[in-house]
Structures are given as C-alpha cells and as structure tokens.
Amino acid sequence: MSLSTQPYKGVRDFYPEDMRVQNYIYGVWARVCEQYGYEQYSASVLEYAEIYEAKSGQEIVDNEMYTLVDKGDRRVALRPEMTPTVSRMVAGRRQELAYPVRWYSIPNLLRYERPQRGRLREHWQLNVDIFGVSDTAADHEIISVSDTIMQAFGAKRSMYEIQVNSRRFINFVLLEYLGLDSVEAHTISKLIDKMKKMDRSEFTASIEAAINPTLREAGIPAKLLTLLDGNGIESLPDDLRNSEPFHEITTLMGLLGASGITNARFDICLMRGFDYYTGIVFEVSDLDPENNRAMFGGGRYDGLVGMFGVEPVPTVGFGQGDVTMRLFLETHGLLPAQKPETELYVALIGDLYLKVQPLLAELRIEGLNCAVDMGNRKLDKQMKTAEKKGVHYVLFVGEDELASQQYKLRNLKTGEEKVLSSARLVSTIKDIRGK
RNA sequence: GCGAACUUAGCUCAGUUGGUUAGAGCGCCGGGUUGUGGUUCCGGAGGUCGUGGGUUCGAUCCCCAUAGUUCGCCCCA
C-alpha cells in the first residue's frame, strides 16, 4: 500500500514559501503587540476537556472538539480556542502578576469542522488579552491593537470596518427594556446573530415565535425589529441612549474617535458566538464584496478567570486567525513578495567542498546566510538551483579565486558581476539588504 | 452532522456519445564537449484517468460506495 502525500483533512503543510508568508503575518502581529507592551506566552495544545465544557459555545464542545482519553483515563482535548487556557494561566498566578497583565500568543487551534474557504480544521490565531482592568480604557486599547494591526498590514480604512456592541447593553434591552425572560433573550440573541443571513419574513416569524403571547400582543416584536433596523446611535430611543449600560458604548466610541479610528460604528445586531462575553464585543469585517465576511473579533469576558475558583479578574481580548487574515491580504493585494532567507549561493568550480569551508565560515560569521552547492555539479546546474530557490546572489569559487582571494559575485536578477574580496562581498550584500 | 459540484502527468487543463500504445502547455531530467541560470535548439522520463466494487466481450467514460477538494447550511477565525 502506498501512503498518501496529502496532509490530514483540513490541515495544511507549510512548504518554505508558505512558511515565509506565515512568518510575515506572525511578525506583524508580534511587532504591534510588543509596541503596545504585550508579552508573549504559550502553552500546550493539550488541555483537560473539562475546561471547555463550562464556558465555550456548546456547539464547539459537542461537535467540533477533538477529544481523546489518555492511558490514565483522563479526558483530553486538542484546544479549540486559547481563551480558557490563558484564563487558567492567569488564575494560577493571579496574586503575583503585575496588573494590568498584557499578554499575547500565536497558538494553533483545532476544531473538527467541515473545511471551507477561510475555515480549516487547524489554524494559527493571534490572541491578545488584557487582564485586571474594568475601565473602558482596556476595551479601547484592545480595539486599538486590532486596528493598528490592520494598519500595519497596509489596510486602508475603506477596506474594513469595526462593529461595536455590548452584551450588557443587549441584555438590558432584551430583559429590562423589552421585558423578555432569560430563555427568550438567549434565543433572540442567537437569532439576531444570524439576522443578515435569513430572509426578512423568516426572521420576523422566528422572532415572533420566540416571544411569549402576552408580550407578542403588547407589540414587543415590532418594537424589537424597529430597534434592529435602526442605524447607529442616533436612531436609538432616548431612554436607551441614556441608560447606564449604554454609557460604556458612548465612552468607547468617543475614545476610538479620538484615536482616529473612523471606521468603527455601533451595531446593535452584533452578538458574537461565545457565551462567555459579558461587556463590549467587537468584530472587524472585510468590506470588499469579493470577501465580505467577519474576519475576527473579541470582547470583554469578566467571568472566565473566576471559573477557576478564584476571585474574578476583568478581561478584554480578541483572536485573529491566520487563514482569514491571509484571505484579506490576498483579496486586497497586500501580501508583499517574500524573500528567501538565503542571500548567497556559493557555486563551486571543481571539487572544492573542503577547501571552501574557511571562506563559508568567514561569511557566516559576518552575518551572511550562505548555502553551498555540493556534488561537484556542472555550473549551469548550480546556477539553476540558486535561481529556483530565489537566491539573489551567486558566488563563483574555483582554485584561482581561492588562491587570489578575489571572488566573482553575480546578481541573478540583473546579471551584473563584480570581482570582490570577501570583506567587500559582505558589505556589498549588506548594503542591498535594506532595499 | 445535512445539501450540491468537482477529482485525467509535478501544475493548469483538453479528450474519449464505452473499443487497439490517453494528449497539450508549463514544469522536471539529460544533451548542445569541459568557468555562468532565467532566452533558444535537440532528446527523455513521468499517468493502473482519486480509491474500491458493480454492469459489460471490453470501463478513464455508465452505476454504487468511499476519500479528498470546493460551495452552501450549522458553527466560527
């Protein structure tokens, strides 16, 4: 039987050219996070299955989680998200950490799903969280980080939009303002979440069906629909706009405006999938009609750390997946060409593998990444290899060059050749690096 | 988990209304005599037509199953 060369369903192989793109994305993520003072952490892909059962969306736990039983009968999961892990880690050291704790990580996450465009079974997801701050400033900083990341990737404000809402506000609207009970409110919030995908009559009917007859006759469904159809803060009734739960939205929008984030807007229909959000939620969407989708998002989840039996720690965070980010960059032509790490390919004229070693060592100590050809091959083959690898420079080394210590350097892009000493060679390539 | 489309060479795809040795372009390998690639010329390798069954004298083509990919639902990054 011959083995398949395909990777497991829904996961990717990263060949060197793919890895360059991944590293570019990870690099932008890490740089922006560190600019804001976030520190990197990591953890194992294996977790006790229980920690997801308390708080992740039930759908994920029931149908999409990779679980196994180990030899000690422990129920183990391959993590489907990072938030429970980081909450566990913070809970474990809650007394010794210096708050506010600002942490980021780029873990791989696994979910047993049907693979589709922008959605695989394994992806790498930037997770950025700030712990210990109840103030809206933390919500503002988290959204600023995600916006700065978009800017760092070269996105224009016309390419994406940031929707903002608040779970606390939505609960106030559904429970206090409309008078629903908590079961109805939960059903309604799930319906609102998929409103844009349903057709209008189906949505209206579902809303009516989810509300008890007394309230239905009191005109509550119509009141709700009017709210949902409203556009932005201005269309909200005064008693909602002036309500206490809405204050944090007003404050947050003010902070975002002051930061020059002009493409943020309040959206009463934004819900987010996870049940653990307790306050502000936000989502970043691609505005390109070719790729019109929610790319990533996050929000406040003040209750999660407390699930580990300790005092609660207020938290805001977001997660951004590599697959959707890459789709965004490709859709908008923002992915820069990636250069290979190897800068110099050393072609040997004659059986000089041993004799060239001192030169290679010198070049490497000086900081050049150089690969040497092997097997005493014909020169045209050696050059073809360099060209195919995308290496920009070839250095020709034969007996004469080793004797004179003057080497011929060829720029494969331009065809230009120079005869240089090793020191000049190093400075020549270093000069061009930045360009 | 549900519905649909697709799967022919390394890649992108033709093709056979079921019939002897299945094609193209690009790529790959070798050569054009010994120190120069990306252009050009010559030659070559490579496919049990996704896999497993069935129908048939005969299947890459028809039927069934299965795997993978893609699209939608669900859910979400």
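No hydrogens, no waters, no symmetry mates; every other heavy atom, side chains included, goes into these values. Labels below follow one simple rule: chain letters A, B, ... track the order of the sequence lines, proteins then strands, and each chain is numbered from 1. Since we're looking at a predicted model, the values are computed, not measured.
For the segment residues 390-420 of chain A, the set of residues with a heavy atom within less than 4.0 Å of an atom of RNA chain B comprises A:Phe396, A:Asp400, A:Glu401, A:Lys408, A:Arg410, A:Leu412, A:Lys413, A:Gly415, A:Glu417, in numerical order. The stretch residues 374-382 of chain A comes close to RNA chain B through A:Lys378, A:Leu379, A:Asp380, A:Lys381, each having a heavy atom under 4.0 Å from the strand.
Here A:Glu401 contributes atom CD and A:Leu348 contributes atom CG; the two are 10.5 Å apart, rounded to the nearest 0.5 Å.
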Show the atom names and distances, to 0.1 Å, of all donor-acceptor pairs under 3.5 Å that link a side chain in residues 415-424 of chain A to residues at least two apart or in another chain.
{"residue": "A:Glu417", "atom": "OE2", "partner": "A:Arg410", "partner atom": "NH1", "Å": "2.8"}
{"residue": "A:Ser421", "atom": "OG", "partner": "A:Arg424", "partner atom": "N", "Å": "3.3"}
{"residue": "A:Ser422", "atom": "OG", "partner": "A:Glu362", "partner atom": "OE2", "Å": "2.7"}

Name each donor-acceptor pair under 3.5 Å that joins a side chain in residues 35-42 of chain A to protein atoms two or more places apart or in another chain, with its distance.
{"residue": "A:Tyr36", "atom": "OH", "partner": "A:Thr148", "partner atom": "OG1", "Å": "2.6"}
{"residue": "A:Tyr38", "atom": "OH", "partner": "A:Glu141", "partner atom": "OE2", "Å": "2.6"}

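The side-chain contact (heavy atoms from CB on, under 4.5 Å) search around A:Ile349 returns A:Leu379, A:Phe396, not counting sequence neighbours. With sequence neighbours left out, the side-chain contact (heavy atoms from CB on, under 4.5 Å) criterion links A:Asp351 to A:Asn376. Under the side-chain hydrogen bond (donor to acceptor under 3.5 Å, both in side chains) criterion, A:Thr342 pairs with no residue, sequence neighbours left out. Partners of A:Tyr66 by ring-ring contact (aromatic ring centres under 6.0 Å, His included), not counting sequence neighbours, listed by chain and number: A:Tyr112. With sequence neighbours left out, A:Gln406 forms a side-chain hydrogen bond (donor to acceptor under 3.5 Å, both in side chains) with no residue at all.
Of the candidate nucleotides B:G35, B:G37, B:U69, B:G35 has the atom nearest to the side chain of A:Ile349. Checked against B:C76, B:G68, B:G38, the side chain of A:Asp193 finds its nearest nucleotide in B:C76. Candidate nucleotides B:A77, B:G68, B:G3 were compared by shortest atom distance to the side chain of A:Arg114, and B:G3 ranks first. Among the nucleotides B:C28, B:A4, B:G37, the one closest to the side chain of A:Lys388 is B:C28. Closest contact between the side chain of A:Met383 and the listed nucleotides B:G68, B:C28, B:U36 involves B:U36.
Using a 4.0 Å heavy-atom cutoff across all strands shown, A:Leu109 reaches no nucleic acid atom at all. Using a 4.0 Å heavy-atom criterion, one finds that A:Gly350 contacts no nucleic acid atom at all. At the heavy-atom level, A:Gln116 lies under 4.0 Å from base atoms of the strands shown. At a threshold of 4.0 angstrom between heavy atoms, the contacts of A:Arg272 are confined to the sugar-phosphate backbone, with no base atom among them.
Counting only residues at least two apart or on different chains, no salt bridge (Lys or Arg N to Asp or Glu O under 4.0 Å) pair has a member in residues 14-38 of chain A. Annotation: side-chain hydrogen bond (donor to acceptor under 3.5 Å, both in side chains) contacts involving residues 385-398 of chain A, sequence neighbours excluded, comprise A:Arg377-A:Thr385.
Place A:Gly321 and A:Arg119 on RNA chain B by their nearest nucleotides, and A:Arg119 ends up nearer the 5' end.
Using a distance-only test at 3.5 Å, with no hydrogens or angles considered, no donor-acceptor pair links the side chain of A:Arg121 to the main chain of A:Val11.
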Q) What pattern of brackets, bars and dots sums up RNA chain B from 5' to 3', given Watson-Crick or G-U wobble pairs under 3.5 Å, [ ] for crossing pairs and | for another strand? A) (((((((..((((.....[...)))).((((.........)))).....(((((..]....))))))))))))....
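Within 3.5 Å, no donor on the side chain of A:Glu283 pairs with an acceptor on the base of B:A77, nor the reverse. Between the base of B:C76 and the side chain of A:Arg111 there is no donor-acceptor pair shorter than 3.5 Å.
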